[in-house]
Undergrad: 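Quick one: the structure is below, questions incoming.
Each chain gets a letter, A, B and so on, in the order the sequences are listed, and its residues count up from 1.
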2 protein chains.
Amino acid sequence: MVIAKKQINKENLLAQGVQLLMNQGYHGTGLKEILDAVQVPKGSFYNYFPSKESYAAEVIQHYIEPFIQQFDGYLQQPGLDGLSALESYFNELIFGLEAAEFKGGCLLGNLMGEIGDTSELCRKSLQLAVYRYQSLLAVGLKKGQTEGRIRLDKSPEDMAALLVNAWQGAMLRMKIEQSVEPLKKCIKDLLGDYFRL
Amino acid sequence: MVIAKKQINKENLLAQGVQLLMNQGYHGTGLKEILDAVQVPKGSFYNYFPSKESYAAEVIQHYIEPFIQQFDGYLQQPGLDGLSALESYFNELIFGLEAAEFKGGCLLGNLMGEIGDTSELCRKSLQLAVYRYQSLLAVGLKKGQTEGRIRLDKSPEDMAALLVNAWQGAMLRMKIEQSVEPLKKCIKDLLGDYFRL
DNA sequence: GTTAAAAAAACGACCAGTCGTCTTATTTTG
DNA sequence: CAAAATAAGACGACTGGTCGTTTTTTTAAC
């Protein structure tokens, strides 16, 4: 099958884009670098994507999916309450970022800052990705509320928004401090204190 | 005096750099664009700065100064307690960002994401700028503590760090939502609730 | 007239995107 | 069914232009 090969190429392009765009940014990454890495000829790129901008918009969606799956895994785990699921999930993230030596951070945060208000296409894609992510975190927080572990006087959505925002900021701090300490403090402040019943 | 002209040129370059780097990012802004804007010939750039990277590192410091002055103004204002100083300051920021139609956001946040872990020079500059800013916010929080308006069981430094992080995240959200709502919620959650006694 | 600062010109490398060409599928026709 | 016609996909060379930086020339200061 040739159609399969095409899907594989596209998948490879997206996966490589996640890595390169996260580490070097949108304007800091050339198409050639991406194409060389996945051994796709320059001329073929535009058979897969109409433009670099549209490609980046797809990369954004491709990036967030695993995170949603990962947290959803914790959420579905029987015998694990919502608050513990959140804690376990973020601890795993922190562990991974430490192992990766704080490289890259979050593609969403990086691109929001770099092109969040200059590329309409990417802005919409970022909006959707963050919304999906935040909504899922809100589910975990709501579960924690019904289980009596999380305060009830704040809406899950509002708490999720604060959690996402503080986490994004902590990721930026991680990058310049070269340490996961900001991440740990962020989770401790919110999940370990502010959100707690 | 010719030395004065040189200082003016350098100042103009830095001021223009703040605007362009904030709105378009590091890799998204060419030297030519900056130089054209302040009418400095391209060949002259390296009489002012050794490299683009070093220039950006200086732009970062040039960016944060007014914010420090602005908040310090509120802090010095007699009859204004620490918590109110923080609230007034951030409300003024929000007002300004709304008037500017959410453009740019925060140079520090944007550059932390884009080049915070690829340019060592800028990393150090960002580190210093954030540290200075956060320390000043901590002074305001500490003042609020002695005045009995802010909780005492958390250190001013830790609260300032959380405030900076959440604010950075809220700025990113502002850019993609094209709304100051995230900023308002961020300040309300932290200054209006979590930090309060 | 000598020295140092300023600016023009030039540098190779790279940018996103397009070109015509060649190869492979798909469809049409007998 | 097979052969011919057509369309779609793959591809590397190339486009004009811009990148950050360096070299060379011009200008200004003393």
Undergrad: What are the two closest heavy atoms between Arg151(B) and Leu197(B), and how far apart are they?
TA: CA-CD1, 3.4 Å
Undergrad: Can you measure Tyr55(B) atom OH to dC19(D) atom P for me and round it to whole angstrom units?
TA: 13 Å
Undergrad: Verify the neighbour count for atom CZ of Phe95(A): are there more than 12 heavy atoms of other residues, nucleotides or ligands below 6.0 Å?
TA: no
Undergrad: Which whole-number value in Å describes the distance from Asn47(A) CG to dC22(C) P?
TA: 17 Å
Undergrad: Specify the residues of residues 32-42 of chain B, ordered by number, for which at least one heavy atom lies under 4.0 angstrom from an atom of DNA chain D.
TA: Lys32(B), Lys42(B)
Undergrad: The criterion is side-chain contact (heavy atoms from CB on, under 4.5 Å); which residues satisfy it with Gln145(A), sequence neighbours excluded?
TA: Lys142(A), Ile150(A), Leu152(A), Pro156(A), Met159(A)
Undergrad: Looking at dA7(C), I'd like to know if its phosphate oxygens (OP1 or OP2) sit under 4.0 Å from a side-chain N or O belonging to Ser44(B).
TA: yes
Undergrad: Rounding to an integer number of Å, can you tell me how far Phe49(A) CZ sits from dG9(D) P?
TA: 15 Å
Undergrad: Side chains of Asp81(A) and Ser84(A): any donor to acceptor distance under 3.5 Å?
TA: yes
Undergrad: How long is the line joining NZ of Lys52(A) and C1' of dC14(C), in whole Å?
TA: 12 Å
Undergrad: Round to the nearest Å and state the distance from Tyr46(B) atom OH to dG20(D) atom P.
TA: 7 Å
Undergrad: When the distance from NE2 of His27(A) to P of dC15(C) is rounded to whole Å, what number comes out?
TA: 13 Å
Undergrad: Got a sec, which pairs hit salt bridge (charged side-chain N to carboxylate O under 4.0 Å, His left out) with one end in residues 55-71 of chain B, sequence neighbours left out?
TA: Lys10(B)-Glu58(B), Glu65(B)-Arg132(B)
Undergrad: Send over the distance from Lys10(B) NZ to dA5(C) C1', rounded to a whole Å.
TA: 15 Å
Undergrad: Any base atoms under 4.0 Å from Phe45(B), or only sugar-phosphate, or nothing? Heavy atoms, all strands.
TA: nothing
Undergrad: Could you tell me how far apart Glu53(A) (CD) and dC15(C) (P) are, to the nearest whole angstrom?
TA: 18 Å
Undergrad: Go through it in stages, so that I can follow the logic: the residues are Phe71(B) and Phe67(B), the test is ring pair (Phe, Tyr, Trp, His ring centres under 6.0 Å), and I'd like the CA-CA distance, side-chain angles, deciding distance and then a yes or no.
TA: CA-CA 6 Å; Phe71(B) 178 61; Phe67(B) 291 91; over 10 Å; no
